[in-house]
Amino acid sequence: MTVTRFAPSPTGYLHIGGLRTALYSYLWARKNSGKFLLRIEDTDLKRNSAEAAQKIEEAFAWCGLKHDGEPIYQSQRFDLYKQYVQQLLDEGKAYYCYATKEELDEMRAAQQAKKERPRYDGRYRDFCGEPPSGVDPVVRIKAPTEGTISFVDGIKGELSFNVQDMLDDFIIARSDGTPTYNFVVAIDDALMGLTDVIRGDDHLSNTPKQIVVYEALGFEIPKFYHVPMILNPQGKKLSKRDGATDVMEYKQMGYFPEALLNFLIRLGWSHGDQELFSMDEMLEYFDPKDINSSASAYNAEKLLWINAQYMKSLPADRILNDLQALGLDIASHPKRELIVDALRERAKTLVEMKEMAEKIIEKPTAYDEKAVKKFLDESAFEILANYLQELKAQDALEKSEDFETFTKAFLEKHDLKLKHLAQPLRIAMVGSAVSPSIYDTMAIIGKEAFVERIEALLAYFQS
RNA sequence: GGCCCGUUCGUCUAGCGGUUAGGACUCCGGCCUCUCACGCCGGCAACAGGGGUUCGAGUCCCCUACGGGUCACCA
C-alpha cells in the first residue's frame, strides 16, 4: 500500500509551496488507495507547535485535503527516539562526543581557513578514555567514511553522493538528550510505514544522512521524490515579501480552493495541453514521475485566470455560499441566482463579485462624472422621462425578459435605438456606465427600485 | 567556496533523434455587442553558449555560463 505524508515544521501557517507538496502527496496516496499522513516536525522545543498545527489543519480543511488518522507530533515521541539512540549506542553504531561548541567552532574555522569543507573530524569516534568532566555529550552516528550513497529519485532520476564530501558523523541527540531532525525523520518515516516520501528538493542533501540512519537501524528505505521549489516572479526563492504565501490569504482574497489547487498542480506538473483539472481528473492523471525537475516561478495572473474559469462553472449556490462567508448577505435575495449568473463572467474573484453585486443592489450614491458628461444630454433626459412614465404605468415586470420586452417595445414606439437609452439607464441604475446587461440589472433591482432610481437621477439633475 | 540539482516564448509548459518547435497565461489587433466582461478569430514571442556523437540533435555526451539548493547541538 502506498503511504505518503506531509511533514511541516511548525512555522505558523501553511505555505503555498507546502500546499503543493502536500497536494502531490495527497493525490499519490488517494490515487493508489493508500494513506496520507500528517506529521508535525516539532523537535525544536524552542518553537511553537499546537497553534501552527491548527493552522495547517484549517488550511487543509479549506482545500478539502484530508489526512488519515491523527497528526503525529514528534515532540511527543522523544522516549521512542531515545530508545533508538540507545540501540545504536549499544550496537556501537553511535557514540558520545564530548567536543564543546567552542571546540567545534574552532575546528570549523581552521578547516575553512584551509579551504576545506567544514566537517566533524571524528575525534571521539573511537574514544574510550576518561570523558572530560563538565561536558554534556552529544550522540553522533557513525557514518560511512568512504564510498558513495546512491538512490533513485522519482523525479530527478539516479542520484549518487560521494560520502567524503557529503557526510560526517552528524549529531543524532543533542547534549540535552533531544533528538535531531535527520534522525527522527528517518525513524518516523520508517515507523509510519512510508513507501513514498514526496518533499521539497531543499531536502535533497538531507537524504544521504537519512539513508545512513535507515541502514544503521535496519529499516527499509522508501522511494524519494524531490519536488523543485516555487520561485517568485523574479526567479528567486518565494518569500513572505512576495505577497501571499499563506494559503488562507487566498481565501480572504476571494479565490476558490479548487482554483488554487489547480494552479498549484500545474506549477511543475502537466498532462499534455490540459490546463483545468477537477479533483477527479487530478486523481486520474497525477503521477509524481511527471513532475518537472526544474523550479517554476509563481505567476499570479495565471492563478487569476484559473479562478475566473471556476467562477464561470461552479454552481450558483456554491458561489452564493462563499459570498455569504465574505460578508455579502444575499441568501434571501429573490434574484440571488441571477446576480451570480450576471456577474460570473465578469468577476475573477469572489471579492470582485461581492463589490460588483453591491454596486447593483445598493442605490448609487454618486454619478460618474465622465459617464454623465458623455451620455446625459437634453435628449437623454427627455427619453428617460418618457421611459419612466411608461414604466410606471406598467405592472408585473419581473424577469429580465419582461424588462427586455417592455424596453424594446418602448424603443420601437418612439423610433429609438437601444444605444440612446442603455447608457443613461445604466447611470440611473448603478451610477456609472458599466454594469451587466441592463435587463438583468433591472430585474435584480426590481421594478419599484428601478423607478426610484430613474426618478432620483432626474431629480438630481433638475436641481 | 565544496557538493548537489537545474536551464524550451516574459511566465507555466508540450516535446521523449527527423515537428513550419505545439498549448496556456500576459500583451497587441479584429469580430461579437446595450457598457464592461465573457466568447471567438488572428498576431508578437523560446530550445543559455560552445564542442562532440549521428545521415540527422530541443531531444544523447562533455565543457562553460547562469540560476537554485545545501553545508548547525534549525527543521
Side-chain angles (χ1 to χ4, degrees), chain A residues 7-11 41-44 46-47 74 97 99-101 104-105 108 112 115-120 136-140 153 155-157 159-162 164-168 170-182 184-185 200-208 226 228-229 231 233 235-237 263 266-276 292-306 308 311-312 342-348 356 371 375 404 407 411 417-427 430 432-439 441:
Chain A
S9 56
T11 50
E41 314 231 300
D42 54 353
T43 51
D44 183 5
K46 291 183 233 54
R47 293 198 203 177
Q74 292 186 322
C97 168
T100 61
K101 279 179 193 169
L104 293 172
D105 286 343
R108 269 192 286 268
Q112 277 175 346
K115 298 223 191 280
E116 285 172 6
R117 180 178 81 93
R119 58 180 300 194
Y120 177 68
D136 289 327
V138 300
V139 179
R140 290 179 182 274
D153 186 279
I155 294 171
K156 308 209 182 244
L159 261 21
S160 191
F161 296 87
N162 194 334
Q164 268 151 7
D165 42 45
M166 285 300 292
L167 289 175
D168 60 6
F170 58 93
I171 293 170
I172 59 174
R174 303 184 183 94
S175 47
D176 65 0
T178 59
T180 58
Y181 174 75
N182 283 117
V184 299
V185 166
D201 75 357
D202 48 339
H203 287 289
L204 197 54
S205 48
N206 284 325
T207 306
H226 288 97
M229 306 275 87
L231 274 21
K236 305 285 179 191
K237 192 180 179 183
F263 170 70
R266 275 290 284 109
L267 209 54
W269 175 88
S270 61
H271 179 72
D273 285 341
Q274 189 168 343
E275 297 289 347
L276 268 15
N292 267 200
S293 50
S294 58
S296 29
Y298 175 92
N299 178 207
E301 275 128 20
K302 186 93 170 220
L303 171 59
L304 201 57
W305 177 81
I306 292 174
M311 188 68 93
K312 281 190 279 193
L343 295 176
R344 71 194 318 160
E345 305 221 319
R346 287 163 237 267
K348 288 183 160 61
M356 289 174 177
F375 298 111
E404 183 168 1
T407 304
L411 291 171
K417 290 270 166 48
L418 184 56
K419 63 182 172 188
H420 300 309
L421 187 59
Q423 293 305 71
L425 281 176
R426 259 198 185 90
I427 296 169
V430 301
S432 78
V434 178
S435 85
S437 149
I438 53 171
Y439 308 121
T441 310

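To find a chain, count down the sequence lines: A is the first, B the second, and so on, and within it residues start at 1. Since we're looking at a predicted model, the values are computed, not measured.
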Using Watson-Crick or G-U wobble geometry with both distances under 3.5 Å, which nucleotide pairs with [N]?
N	answer
C55(B)	G18(B)
U7(B)	A65(B)
U70(B)	G2(B)
C40(B)	G30(B)

Side chain of [X]: nearest nucleotide among [options]?
X	options	result
V138(A)	C73(B), C34(B), C25(B)	C73(B)
N299(A)	A72(B), A75(B), C25(B)	C25(B)
L267(A)	U35(B), G22(B), C12(B)	C12(B)
V434(A)	U70(B), U35(B), C34(B)	U35(B)
E301(A)	C25(B), A14(B), G23(B)	C25(B)
D273(A)	G22(B), C73(B), U11(B)	G22(B)
N206(A)	U70(B), A75(B), C36(B)	A75(B)

Between [N] ([atom2]) and [X] ([atom1]): distance, integer Å:
X	N	atom1	atom2	result
E404(A)	C34(B)	CD	P	10 Å
E275(A)	A14(B)	CD	P	11 Å
Y298(A)	C12(B)	OH	C1'	13 Å
L418(A)	C36(B)	CG	P	13 Å
L231(A)	G10(B)	CG	C1'	15 Å

Atom pairs under 3.5 Å, N or O on each side, protein against nucleotides 3-7 of chain B: can you list them with distances?
from  : atom 1 : to      : atom 2 : distance (Å)
C5(B) : O2'    : K156(A) : NZ     : 2.7

Need to verify one output field. Residue with the more 5' nearest nucleotide on RNA chain B, P233(A) or N182(A)?
P233(A)
I'd like a table of atom pairs between the protein and nucleotides 37-40 of chain B - only N or O on both sides, under 3.5 Å - with the distance next to each one.
from   : atom 1 : to      : atom 2 : distance (Å)
A37(B) : O2'    : E345(A) : O      : 2.7
C38(B) : O4'    : E345(A) : O      : 3.3
C38(B) : O3'    : K312(A) : NZ     : 2.5
C38(B) : O2'    : E345(A) : OE1    : 3.2
G39(B) : OP1    : K312(A) : NZ     : 2.6

Ignoring hydrogens and angles, does a donor from either the side chain of [X] or the base of [N] sit under 3.5 Å from an acceptor on the other?
X	N	answer
K101(A)	A72(B)	no
S175(A)	C73(B)	yes
S296(A)	C12(B)	no

Does S435(A) have any side-chain contact (heavy atoms from CB on, under 4.5 Å) partners at least two apart in sequence or in another chain, and if so, which?
R426(A), V430(A), T441(A)
